[in-house]
Trainee: 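Below is one structure. I have some questions about it.
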Amino acid sequence: MLYVIQALVLLLAFLPPEIKGQARYTEVPEDTTVVEGESVTLNCSVENITNDTSVKWFGPPNYHFRTEGRNSGYPRYTIVGDASRGQYNLHIADSTKDDNGRFRCWVREVRQDPAEATLTVKDRAISDASNFHISFSKYLTLLAMQCFVISSV
């Protein structure tokens with residue numbers, strides 16, 4: 001009988017997390033590029049967590065604490081998604097160069113590699129409209145060009 005119990009304990013130790021009902025990531029953030037000033041959402045979903053489980057987001061610089069659960073001390077950072085489905089997506093409004101770097105969605109109970117992604121914030125290249133007028137004489141055609149650059153990624 002003792003051997004049966006030991007065999008069951010050993011078997012449970014090597015079962016994948018989804019079989020044992022342990023917390024695990026079902027969606028992890030992906031490397032993303034955004035133009036400075038635009039909003040972006042980094043996805044992170046977890047299953048098999050309890051009400052006591054804390055989902056935290058860390059970000060630049062050096063994995064600085066950003067959110068815990070659905071709360072954020074930073075007005076530009078909010079947690080969006082359906083909590084009943086384990087969605088703890090980080091929404092960043094009005095991205096800045098300070099947001100450039102690695103973000104981590106972290107749940108202590110998850111026994112997988114950290115859910116991390118790099119956010120790249122590109123410069124917004126806006127220029128005033130440039131007007132070009134070429135006129136040679138009354139017998140030649142007038143050429144007028146206007147160039148706009150709204151943003152550059």
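Remember, it's a predicted structure, so these values are computed and weren't measured experimentally.
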Trainee: Among Asp94, Asp99, Asp98, find the one that has a side chain to side chain donor-acceptor pair (under 3.5 Å) with Arg76.
Mentor: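 Result for side chain to side chain donor-acceptor pair (under 3.5 Å) with Arg76: Asp99.
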Trainee: Say you draw a straight line from OG1 of Thr32 to CG of Asn43; how long is it, rounded to the nearest 0.5 Å?
Mentor: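 Nearest 0.5 Å value for the OG1-CG distance: 8.0 Å.
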Trainee: If I compare all heavy atoms of Gln112 with all of Tyr25, which pair ends up nearest, and what's the gap?
Mentor: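 What the structure gives for the nearest pair is OE1-N, 2.7 Å.
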Trainee: With rounding to the nearest 0.5 angstrom, report the OG1 to CD1 distance, Thr78 to Ile92.
Mentor: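 That separation rounds to 9.0 Å.
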Trainee: To the nearest 0.5 Å, what is the distance between SG (Cys105) and CD1 (Ile79)?
Mentor: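 It is 8.0 Å, given to the nearest 0.5 Å.
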Trainee: So how far is it from Trp57 CH2 to His91 NE2, rounded to the nearest 0.5 Å?
Mentor: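 Reported to 0.5 Å precision, the distance equals 13.0 Å.
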Trainee: Answer yes if the side chains of Asn48 and Gln22 hold a donor-acceptor pair under 3.5 Å, and no otherwise.
Mentor: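 The criterion, which ignores hydrogens and geometry beyond distance, is not satisfied for Gln22 and Asn48.
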Trainee: Give a yes or no on whether a salt bridge exists between Arg124 and Glu38, defined as a side-chain N under 4.0 angstrom from a carboxylate O.
Mentor: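 So Arg124 pairs with Glu38 through a salt bridge.
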Trainee: In Å, rounded to the nearest 0.5 Å, how long is the span from OG1 of Thr53 to CD of Glu109?
Mentor: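 Going from the OG1 atom of Thr53 to the CD atom of Glu109 covers 4.0 Å.
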Trainee: When you measure from the centre of the six-membered ring of Tyr74, is the NZ or CZ of Arg66 closer than 6.0 Å and no more than 45° off the axis?
Mentor: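 Judged by the rule (NZ or CZ under 6.0 Å from the ring centre, within 45° of its axis), Arg66 counts as positioned above Tyr74.
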Trainee: Check the hydrophobic clustering (I, L, V, M, F, W, Y; side-chain heavy atoms under 4.5 Å; chains of links allowed) and say if Leu90 and Val35 are grouped together.
Mentor: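 Shared cluster, no.
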Trainee: Going only through I, L, V, M, F, W and Y residues with side-chain contacts under 4.5 Å, is there a path from Tyr63 to Trp106?
Mentor: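 They do share one cluster, since a chain of ILVMFWY contacts under 4.5 Å joins Tyr63 to Trp106.
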Trainee: Is the closest side-chain heavy-atom distance between Thr33 and Val40 below 4.5 Å?
Mentor: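 No, every pair of side-chain atoms sits at 4.5 Å or beyond.
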Trainee: Could you pull out the closest heavy-atom pair between Arg111 and Arg108, with the gap in Å?
Mentor: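 The pair with the smallest heavy-atom distance is NH1-O, 3.0 Å.
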Trainee: Has Asp82 got more than 12 heavy atoms of other residues, nucleotides or ligands less than 6.0 Å from its CG?
Mentor: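 Yes.
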Trainee: Is it true that the NZ or CZ of Arg104 lies under 6.0 Å from the centre of Phe58's six-membered ring and within 45 degrees of the ring axis?
Mentor: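 No - Arg104 does not lie over the ring of Phe58 by the 6.0 Å and 45° rule.
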Trainee: Quick one: does Asn100's side chain get under 4.5 Å of Thr120's, heavy atoms only?
Mentor: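 A side-chain contact exists here, since the closest heavy-atom pair is under 4.5 Å.
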Trainee: Mind checking the CG-OG1 spacing from Asn89 to Thr41? Nearest 0.5 Å is all I need.
Mentor: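 If I round to the nearest 0.5 Å, the distance is 7.0 Å.
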Trainee: Would you call Arg24-Glu47 a salt bridge at under 4.0 Å N-O?
Mentor: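 Glu47 and Arg24: salt-bridged.
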Trainee: Is the shortest heavy-atom distance from the side chain of Thr26 to the side chain of Val46 under 4.5 Å?
Mentor: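 No, too far: nothing below the 4.5 Å cut-off.
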Trainee: Taking it one step at a time, do Ser45 and Tyr88 satisfy side-chain contact (heavy atoms from CB on, under 4.5 Å)?
Mentor: CA-CA 6 Å; Ser45 297; Tyr88 291 85; over 6 Å; no
Trainee: I'd like to know whether Asp123 forms a side-chain contact (heavy atoms from CB on, under 4.5 Å) with Lys97, so could you lay out the CA-CA distance, the side-chain angles of the two residues, the decisive distance to 0.1 Å, and finally the verdict.
Mentor: CA-CA 8 Å; Asp123 289 327; Lys97 285 296 195 173; 2.8 Å; yes
Trainee: Working note: Ser54 + Glu68, criterion side-chain hydrogen bond (donor to acceptor under 3.5 Å, both in side chains); need CA distance, chi angles, decisive distance, verdict.
Mentor: CA-CA 6 Å; Ser54 178; Glu68 180 169 4; 2.8 Å; yes
Trainee: So, Thr118 side chain and Gly101 main chain: donor-acceptor pair closer than 3.5 Å or not?
Mentor: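 Checking the backbone N and O of Gly101 against the side chain of Thr118, no donor-acceptor pair under 3.5 Å is found.
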Trainee: With a 4.5 Å heavy-atom cut-off, do Phe103 and Pro29 have their side chains touching?
Mentor: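 Heavy-atom side-chain distance check fails, nothing below 4.5 Å.
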Trainee: State whether the side chain of Asp31 and the backbone N or O of Ala117 hold a donor-acceptor pair below 3.5 Å, judged by distance alone.
Mentor: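 Here the side-chain-to-backbone pair does not exist.
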